[in-house]
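Structure first, commentary second.
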Amino acid sequence: MKTSWRNASLVASAAAVLVLTTACGQEGGTSSVGSQNVGATAAAGGYGGVGSGIGTGTSPSASSTVGGGQGNLGAQSASAGKLEVSANAELGDVLTDSAGLSLYRFDEDTAEPPKSNCNGDCATAWPPVPANDASAGAGIDKALLGEVTRADGSKQLTIGGWPAYRYAKDTKAGDLTGQGVGGKWYALAPTGKKASVASLPGLSTRNDPNLGEIVVDKNGMTVYRFAKDKAWPEPVSNCVGACLEKWPVVAPVSANDTKDVQKKGLMSFTRSDGAKQQTVNCSPIYTFSGDKQAGDTNGQGVGGTWYAVRPNGEMVGVSDK
């Protein structure tokens, strides 16, 4: 069994090398969308009361008020509808329902097999998300959606096997006041794992509410291209000297450490200063010193030469017009 696995790995690696050595500068490919306790406190019983969480994040679902805490449990227990992915500065991608309310998981539950251990008063503070009409939106693998039968016979949505909940004290789209409550409650990532920037691949994508699907680095920071660089016949960076203080290069990333980024032309090269730099579709990529947290896109359009990057390497606002 070990030998077979190693042989398969060698075949996969060889295939990856073949793909990455495809001629640079060719446009193409298709686009597709990709825990920390931050000080919340628990009420008696450990399942939470008013958590301090991390407040309001950003959400592509707008920010209309959808509830009023404990007084709006009817809305909190409503069906999930089409699930969405919301970018949060501290946590990266967070799973939300169609109204933009954050979804959570409970450490005392199990995913294999799925089982909810939040009942009674716990389920009042953390309303289970019904499974009846939940569907996967952009960036969510529908195969990860499932259901579990609760103690009262109702069906609860699961993500990657983990039962999903809302928090009664989240009152509007983007709120994450339940994050870290009691050291047991955490926002759900689209994969069913605990949402965490630290868990992001070396390169992946996120849906920005203004720019659409763009590439981000392992810290969730937006990745950019410089219009004066070259990709063909080989990558050339024209950002040197003081330019690099504002636009740090993205270091090489293994092809296996990427998600939803085009593999063709995904390679690193040696710059004129001897440093190694990553490319997407053979175009050199950078981050921006003016972006202070994950989700920032302050570098978009700077000087008419710097642009966020699509998963196929195109520049947002230039190549896709």
Does a side chain donor of either [X] or [Y] reach within less than 3.5 Å of an acceptor in the other side chain?
X    : Y    : value
D229 : Y286 : yes
N281 : S283 : no
K155 : T149 : yes

Under 4.5 Å between any side-chain heavy atoms of [X] and [Y], yes or no?
X    : Y    : value
Q179 : W185 : no
L83  : S98  : no
K194 : D107 : yes

If you take all heavy atoms of [X] and [Y], which pair is closest and at what distance?
X    : Y    : answer
R105 : G192 : NH1-O, 2.9 Å
I159 : A189 : CG2-O, 4.4 Å
L91  : A187 : CD1-CB, 4.1 Å
R225 : E314 : NH1-CA, 4.0 Å

Legend entry - From CA spacing to verdict: side chain to side chain contact (heavy atoms under 4.5 Å, CB included), K263, T258: CA-CA 9 Å; K263 293 294 192 291; T258 66; 3.1 Å; yes

Inset, instruction - Assess whether side chain to side chain contact (heavy atoms under 4.5 Å, CB included) is satisfied between V85 and T96, documenting all intermediate values. - result: CA-CA 6 Å; V85 179; T96 74; over 6 Å; no

Legend entry - Residues Q300, Y307; criterion side chain to side chain contact (heavy atoms under 4.5 Å, CB included); working and verdict: CA-CA 5 Å; Q300 174 65 11; Y307 300 93; 3.6 Å; yes

So if you build clusters from Ile, Leu, Val, Met, Phe, Trp, Tyr with side-chain heavy-atom gaps below 4.5 Å, do [X] and [Y] land together?
X    : Y    : value
F226 : V249 : yes
V309 : V253 : yes
V302 : L244 : yes
L188 : L145 : yes
V216 : V250 : no

Has the side chain of [X] got a donor or acceptor atom that lies under 3.5 Å from a matching backbone atom of [Y]?
X    : Y    : value
N219 : M221 : no
K292 : S289 : yes
S254 : N256 : yes
T279 : G265 : yes
D109 : N117 : yes
D208 : N210 : yes
T205 : D260 : no

For residues 130-143, please give each side-chain donor-acceptor pair under 3.5 Å, one per line with the distance, not counting sequence neighbours.
unit_1: D133; atom_1: OD1; unit_2: S79; atom_2: OG; d: 3.3
unit_1: D133; atom_1: OD1; unit_2: G81; atom_2: N; d: 3.4
unit_1: D133; atom_1: OD2; unit_2: S79; atom_2: OG; d: 3.4
unit_1: D141; atom_1: OD1; unit_2: A143; atom_2: N; d: 2.9

Inset, instruction - Give, for atom CD of Q156 and atom OG of S116, the distance between the pair rounded to the nearest 0.5 Å. - result: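 Interatomic distance, Q156 CD to S116 OG, rounded to 0.5 Å: 4.5 Å.
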
Inset, instruction - Working to the nearest 0.5 Å, report the span between CD of Q277 and SG of C239. - result: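 Reported to 0.5 Å precision, the distance equals 8.0 Å.
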
Legend entry - The single option from K228, R271, K230 passing side chain to side chain donor-acceptor pair (under 3.5 Å) against S237: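 With S237 as partner, K228, R271, K230 yield a single side chain to side chain donor-acceptor pair (under 3.5 Å), made by R271.
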
Inset, instruction - Applying salt bridge (charged side-chain N to carboxylate O under 4.0 Å, His left out), run through K172 and D170 and close with a yes or a no. - result: CA-CA 6 Å; K172 62 182 180 299; D170 284 351; over 6 Å; no

Inset, instruction - Take W162 and F106 through the ring-ring contact (aromatic ring centres under 6.0 Å, His included) test and state the conclusion after the steps. - result: CA-CA 8 Å; W162 287 98; F106 185 33; 9.4 Å; no

Inset, instruction - Evaluate the criterion side chain to side chain donor-acceptor pair (under 3.5 Å) for residue pair T270 and K276; output intermediate values, then yes/no. - result: CA-CA 5 Å; T270 302; K276 298 285 187 180; 2.7 Å; yes

Inset, instruction - Evaluate the ring-ring contact (aromatic ring centres under 6.0 Å, His included) criterion for residues F288 and W306: first the C-alpha distance (whole Å), next the side-chain angles of each, then the deciding distance (0.1 Å), finally the verdict. - result: CA-CA 9 Å; F288 180 44; W306 291 94; 8.0 Å; no

Legend entry - Presence of salt bridge, D257 and K218, under 4.0 angstrom: no

Inset, instruction - Assert yes or no for the condition that the ring centre distance of W247 to Y224 is strictly below 6.0 Å. - result: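 Under 6.0 Å, so yes.
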
Inset, instruction - Evaluate side chain to side chain contact (heavy atoms under 4.5 Å, CB included) for L203 paired with Q278, printing each intermediate quantity in order. - result: CA-CA 10 Å; L203 287 177; Q278 181 64 34; 4.0 Å; yes

Inset, instruction - Might you work through the salt bridge (charged side-chain N to carboxylate O under 4.0 Å, His left out) test for R166 and D97, ending with a clear yes or no? - result: CA-CA 9 Å; R166 300 182 182 94; D97 65 12; 2.7 Å; yes

